[in-house]
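Reminder, nothing fancy here: chain letters follow the sequence lines and each chain counts from 1.
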Amino acid sequence: MAEPTSNPVLDLPPATSSEALARNGRARAAWMVSRSNSSHIGGAYSMADLLAVLYHDILKVRPSDPAWAERDRFILSKGHATAVLYAILAERGFFPVSELADYGANGSRLMAHVSHGVPGVEFSTGSLGHGLGFACGRALSARRTDQAWRVFTMLSDGELDEGSNWEAILFAPQHRLDNLVAIIDYNQIQSLGDVSEVLELAPLADKFRAFRWSVREVDGHDHRAIREALSAVPWEPGRPSCLVARTVKGKGVGFLENQLLWHYRAPNAAQLGQILGELGCEDRSGGGDRVPSPGAPAVK
Amino acid sequence: MRTAFIQALIEEARRHPRVFLVVGDLGFSVVEPFAKEFPSRFLNAGVAEQNMTAVAAGLAAEGWHPFTYSIANFPTLRCLEQIRNDVCYHRLPVTVVAVGAGLAYGNMGYSHHGVQDLAVMRALPNLTVLSPADPGETTEAVAHLTSRPGPSYLRLGKAGEKTLHATRGLAAGPLRVRDGSGPVALVATGSILAVALAAAERRGQETGSPTPVFSCPWIKPVTADFFAPLWAYRRLVTLEEHVPEGGLGEMLAGLAPAGVEVRRLALSHEAVSKVGTQEYLRQASGLTVESALREVARE
């Protein structure tokens, strides 16, 4: 768990609920993205609640033994949004919270697209459309060897433009992979515009149903609803599960919400203070950065 | 070669319980014996090479050693990023198998000509690249790969290739498959080795001075030292069913010490627009016994 630090963001009260895990994850992700002058905070925030419920209540994992054979496998396919995953993995004890200060820095293992060099990360992504097929392979292995563990993977909606996903979407029900759960972070905004303007996915749930998946839709920020849905998988024997999570890009901070800009922009010091304030994680350090900065200033 | 491959894979699968075969809906009348003997270790992933490769990577992450199998460019170029990111970057034991490399599917047209694969696969990290010339080299290659699982690429011909030699030891250096004398050697990778051997034979008949021939099934990883037996010659004439860029000849030219000339016979990098058999297209490309003899005899 966290090593002693003078940094208030790294020194947040330990989370005792999925809601607190999400809040701490958002706060730390903002701090990491800001000080490394990187991007994708909007997509990190839209899936923060889903990740928090997964890592607080759903996934069978052992932070002290990341390679535990019977663990559930989680694969982040939308690897660009990894800041909040790193923050949650650190808080869960996979590696020290203090290491989050290295995010995106020269020589760090905390790449700004999710990296398998980080404890708790199963698979590196960054190029979109890779996670689901890989997840299918792992789920197929479990199926063929009668293993009880499950495979969860998180995809973005824009990512579903990639045809490779649809190959995997065909594949999973064919092989009755009911140990596979795909979660779609359906925030409706992709890289250059609204999903509806670029390549409309609607009716998304029906598309998955037509491909023979078991589908549920959920408010992707309602922890109880997410928990109920994911606690009950598989929803139908013999079918993979797809949770279409309606989410808000930048969720949790007013000026970040539903803004394409925050797919790219790093918060500056003042914006970071505002973010931490809205999250209830006041920045007591005057910029959230008492640790020497490893790289560029946090203003883009 | 594909028959030798599947027979070797079955043999190795009996010894290595983690060997797994994943096909891209191809391999009719070839892969069935494996599927019949090892149904739980066989998968037809459908006409979906990206997913085939990603699924293989997922299987490999759980301890399997999958061989993905399809024709020419389908298991390589069609899913190149899955090989690069999912397999090579993660150092997962997936062997990509392309059958019909070079012009083996000549009359199927340019879509089926696997003539850029060596260049592309050589550029990927952590990947072992093998390009056998005949059934015997294929069998040895499969045994090598199954005993040392890792990211790898196996470039195969098609069917009916004759056994060309009995020299073994492909991991140790280029295989000296025909003895000879003089300052020039013929060097080939893949089934075009047959043309090199025919050229050497004719040269021997015509001059009484047999030309040595080397087969290079081992393409990557290599160092200059790996090819040390070749550096004893003043000139190497290379043959490959591949574009000049990034293939055997270019590799040897880059590694050869001063004083060793590399003359390269390869395919044109222009796309072939005419239909023809492998033999016809080799002729049309100048990849012939006559061309090889001309380069051997060049003053």
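- The number of heavy atoms from other shown groups lying within 6.0 Å of CZ (B/Arg78) does not exceed 12.
- Chain A forms more heavy-atom pairs under 4.5 Å with one residue of B/Val22, B/Val47, B/Leu43 than with any other, namely B/Leu43.
- Rounding to the nearest 0.5 Å places CZ of A/Phe134 at 13.0 Å from OG1 of B/Thr53.
- Heavy-atom distances place the side chain of A/Thr145, and not its backbone, under 4.5 Å from chain B.
- Within 6.0 Å of CZ in A/Arg209 there are more than 12 heavy atoms belonging to other residues, nucleotides or ligands.
- A side chain to side chain donor-acceptor pair (under 3.5 Å) check over residues 132-141 of chain A, counting only residues at least two apart or in different chains, returns the pairs A/Glu122-A/Arg138, A/Arg138-B/Glu62, A/Ser141-B/Trp64.
- Between A/Cys136 and B/Val55 the shortest heavy-atom distance is CB-CG2, 4.0 Å.
- Annotation: maximal heavy-atom pairing with chain B below 4.5 Å, among A/Ala168, A/Gly117, A/Ala142, A/Ser124, occurs at A/Ser124.
- Listed by first then second residue, pairs satisfying salt bridge (charged side-chain N to carboxylate O under 4.0 Å, His left out) with a partner in residues 29-49 of chain B read B/Arg14-B/Glu37, not counting sequence neighbours.
- Nearest heavy atom pair, residue B/Asp86 against residue A/His130, reads OD1-ND1, 2.7 Å.
- One finds the OG1 atom of A/Thr125 at 9.5 Å from the CG atom of B/Asn85 (value rounded to the nearest 0.5 Å).
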Verdict with reasoning, A/Ser164 to B/Glu81, per side chain to side chain contact (heavy atoms under 4.5 Å, CB included): CA-CA 11 Å; A/Ser164 54; B/Glu81 202 179 69; over 6 Å; no

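- At most 12 non-hydrogen atoms from other residues, nucleotides or ligands lie less than 6.0 angstrom from CZ of A/Arg176.
- The local environment of CZ in B/Arg84 is sparse, with at most 12 non-hydrogen atoms from other residues, nucleotides or ligands closer than 6.0 Å.
- Between B/His90 and A/Phe123, the ring-plane angle classifies as parallel under the 30° and 60° cut-offs.
- The choice from A/Gln147, A/Gln174, A/Arg144 that makes the most heavy-atom pairs within less than 4.5 Å of chain B is A/Arg144.
- When all heavy atoms are compared, the tightest approach of A/Glu167 to B/Asn51 is OE1-N, 2.7 Å.
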